[in-house]
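Bear in mind the structure is a predicted one, so any value in this text is a computation, not a measurement. Atom set for the values below is all heavy atoms of this structure, side chains included, hydrogens, waters and symmetry mates excluded.
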Amino acid sequence: MSVCVPTGPGGGVRVSPDERKLRKQLEETRKTLESWDGWSPHEAAGRCLRWLGEREEAAEHFSIAARKFPVGKPPQGSGLLAAGNLYRLAGDHEEARALFARGRDVLLAKIGHELEDQGDDVDKDFLLTDLTYLDLCCFFLGRYEEVEDLE
């Protein structure tokens, strides 16, 4: 059972998950970490711990997940965005901003090349995905005017 908590006028409702389910998920995630120390179990542990109010331990797991996250070789915009978000959740805003900026640059270059090479034949689904990632990088960087320009 989850509990709905009003957030205030116009703020909608925040759903509070069942603590027992979170603790069970955290226990399962910790067992997974005993056999596989990948990025995703650390992210899962961080999310559970954050919901449980254990912010310091959550930040440690997010930081580990961020360091282990495969950004690609060469780094891909989506990977840089995801790793940056993990650093943001860990509280390392400087590293997060650096990754969002790199992701923005990579995505701008990729989109430019796609449009230049393929013109009207560009795969619109992939272009939309790249534009969405670019939008998120700009948003996290506080470059709201660029987000508006993308729309």
Point-to-point distance, once rounded to the nearest 0.5 Å, from [atom1] of [X] to [atom2] of [Y]:
X	Y	atom1	atom2	result
Lys124	Asp121	NZ	CG	8.0 Å
Glu114	Lys110	CD	NZ	5.0 Å
Ser63	Glu95	OG	CD	9.0 Å
Glu54	Cys48	CD	SG	12.0 Å
Trp51	Leu22	CH2	CG	8.0 Å
Asn85	Leu136	CG	CG	8.5 Å

With a 4.5 Å cut-off on side-chain heavy-atom distances among I, L, V, M, F, W and Y, is there a chain of contacts connecting [X] to [Y]?
X	Y	answer
Leu131	Phe126	no
Leu33	Ile64	no
Tyr144	Phe100	yes

Is a salt bridge present between Arg47 and Glu43, judged by a nitrogen-to-oxygen distance below 4.0 Å?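 Salt bridge: yes.
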
State plainly whether the residues Glu34 and Arg30 are in salt-bridge range, i.e. N to O under 4.0 Å.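 Salt bridge between Glu34 and Arg30, a charged N being under 4.0 Å from a carboxylate O: no.
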
Fellow cluster residues of Tyr87, listed by chain then number, with links counted only when side-chain atoms sit under 4.5 Å apart: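 Other cluster members: Trp39, Phe62, Phe69, Val71, Leu80, Leu86, Leu89, Leu99, Val106.
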
Donor on one side chain, acceptor on other, Thr32 and Glu28, under 3.5 Å: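 Note: Thr32 and Glu28 side chains miss the donor-acceptor criterion.
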
Nearest heavy-atom pair of [X] and [Y]: which atoms, and what distance?
X	Y	answer
Ala66	Ala83	CB-O, 3.9 Å
Ala96	Arg88	CB-N, 3.7 Å
Gly103	Cys137	C-SG, 4.0 Å

Could you walk me through whether His42 and Asp37 satisfy the side chain to side chain contact (heavy atoms under 4.5 Å, CB included) test, starting with their C-alpha distance in whole Å, then the side-chain angles of each, then the deciding distance to 0.1 Å, before giving a yes or no? CA-CA 8 Å; His42 283 286; Asp37 191 30; 2.5 Å; yes

Would you check if Glu145 and Arg143 make a side-chain contact, meaning some heavy-atom pair closer than 4.5 Å?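 Yes; the side chains approach each other to less than 4.5 Å.
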
